[in-house]
Structure formats: structure tokens, C-alpha cells
Undergrad: 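Here's a structure for you.
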Amino acid sequence: MYITVHAAAGAAIGTLTLNPILAFIGGFISHLILDMIPHGDEGIQKCIWFKTKMQCTIAAALIDFIGVTILLIFLINRVDIALLPSIIAGMAGGIAPDALWGFHELTKTPLLGWYRRWHSNGHNFLTKKKINIIQGLLVQIPFLAVFVWFALQ
Ligand SMILES: [Zn+2]
């Protein structure tokens, strides 16, 4: 799923746990679970605006980073300040699996080769069925709305 959705899930977990360490772990685990749901991200590496898969991936990551920033500002302005450490830790935990994946994509370090395969295989754990980007948005937007709603409780 988009990093913004993973960050929102982590924020919701941070609101529920009130503990930054548990929120980070919960955010990390939620990422792996959410990635099992078909979500149409595979198409972002075949965008029409750039020549290489890496350029498309970096552009998508930058757009997603803007989404995470907007989400963070939105939450900072609406939640009790005492919740922010666990919310931010949850968001970081939600983002961490894709950050590790991205670090491997950029560096090709053999230290994370196992992790890249494991993370990618998780996408096929429930089903190998792929959906397109539009269908993926229709899947991801309700998840984003529910997670933001939970984070605001
Ligand atoms: Zn992921």
C-alpha cells in the first residue's frame, strides 16, 4: 500500500497503544499485514513520465512522502499533544518496512536481499491476484479514511 496509508495505520495504532515502542512494533506488523491485501502499487514502477523503474519509484515515493507530511501536520493540529510520541512512532513503524525495501533498492546491499524477497513475497501471501492502480486507489482510500478516523479518536 502507499506509505501514507501505512503511516495512517501506524498513527491509529499509536493512538490505541499510547506507547511509542508498542506503536512502532504495531505499525511495522500492520504494514506487513496490509501489504497482503491486493492494492495496485505494482504499476507505479511502470509510469509513463520517467524512463526507468527507479525514477518512477522515486517519484512515487516523493509524492507519498508529501502525503505522509500532510497527514502528520493534519494530526498534529487535531490530536492531544500527549499522543504525538506514540503516533509518530507508529507512523515510523508503518513506514519502516518500505524504507528498508527502498534502501535495498537504492544500494542493492546483499545484507537486505533476504528482506527484499521476504517483503515482496508477503504481497502474494493471501493471493497472487494483482489489481490496477485505479482499483488500488479504491481499496486504499477507505483504509486511509478509517485509519485517520481511528487516529483522531
Ligand atoms: Zn511494503
Side-chain angles (χ1 to χ4, degrees), residues 1-17 19-50 52-75 85-151:
M1 293 206 175
Y2 294 120
I3 299 168
T4 307
V5 180
H6 289 302
I13 291 167
T15 300
L16 294 172
T17 64
N19 177 315
I21 294 169
L22 288 178
F24 184 89
I25 294 168
F28 197 100
I29 293 169
S30 76
H31 182 118
L32 302 174
I33 294 169
L34 288 169
D35 268 357
M36 293 178 195
I37 299 166
H39 50 271
D41 286 1
E42 295 80 14
I44 63 170
Q45 293 191 322
K46 300 174 197 136
C47 67
I48 56 174
W49 303 287
F50 298 102
T52 68
K53 284 169 63 172
M54 182 56 70
Q55 289 171 328
C56 292
T57 303
I58 290 171
L62 288 175
I63 292 167
D64 225 356
F65 180 74
I66 292 169
V68 172
T69 304
I70 291 169
L71 173 66
L72 183 60
I73 292 168
F74 178 81
L75 292 173
S86 59
I87 285 176
I88 292 170
M91 291 174 77
I95 293 168
D98 277 352
L100 276 174
W101 176 85
F103 183 74
H104 178 269
E105 290 300 300
L106 289 173
T107 64
K108 300 294 183 199
T109 175
L111 293 174
L112 290 174
W114 67 271
Y115 174 78
R116 186 200 187 286
R117 284 187 299 279
W118 182 68
H119 177 261
S120 297
N121 287 341
H123 288 82
N124 300 323
F125 186 76
L126 292 179
T127 176
K128 289 188 183 341
K129 182 172 174 39
K130 303 291 181 214
I131 59 177
N132 65 41
I133 287 180
I134 301 299
Q135 292 167 323
L137 281 171
L138 293 174
V139 169
Q140 295 192 54
I141 289 171
F143 275 100
L144 178 63
V146 169
F147 294 142
V148 170
W149 181 80
F150 264 103

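Whatever order the structure lists ligands and atoms in, that order sets their numbers, starting from 1. All residue numbers refer to positions in the sequence shown, counting from 1.
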Undergrad: Under a plain distance cut-off of 3.5 Å, with no hydrogens placed, do T4 and D64 share a side-chain donor-acceptor pair?
TA: yes

Undergrad: With the Zn ion (ligand 1) as the point of reference, which N/O/S atom of D35 is the closest?
TA: OD2

Undergrad: Between H119 and Y115, how do the two ring planes meet: parallel, tilted or perpendicular, split at 30° and 60°?
TA: parallel

Undergrad: Can an N, O or S atom be found in H119 less than 2.8 Å away from the Zn ion (ligand 1)?
TA: yes

Undergrad: What I want to check is whether the side chains of K129 and N124 have a donor and an acceptor closer together than 3.5 Å.
TA: no

Undergrad: I'd like to know if the Zn ion (ligand 1) has an N/O/S atom from H6 within less than 2.8 Å of it, counting both backbone and side-chain atoms.
TA: no

Undergrad: Measuring from the Zn ion (ligand 1), name the closest N, O or S atom belonging to D98.
TA: OD1

Undergrad: Test V68 against every option in I3, I73, V5 by the side-chain contact (heavy atoms from CB on, under 4.5 Å) rule and name the one that passes.
TA: I3

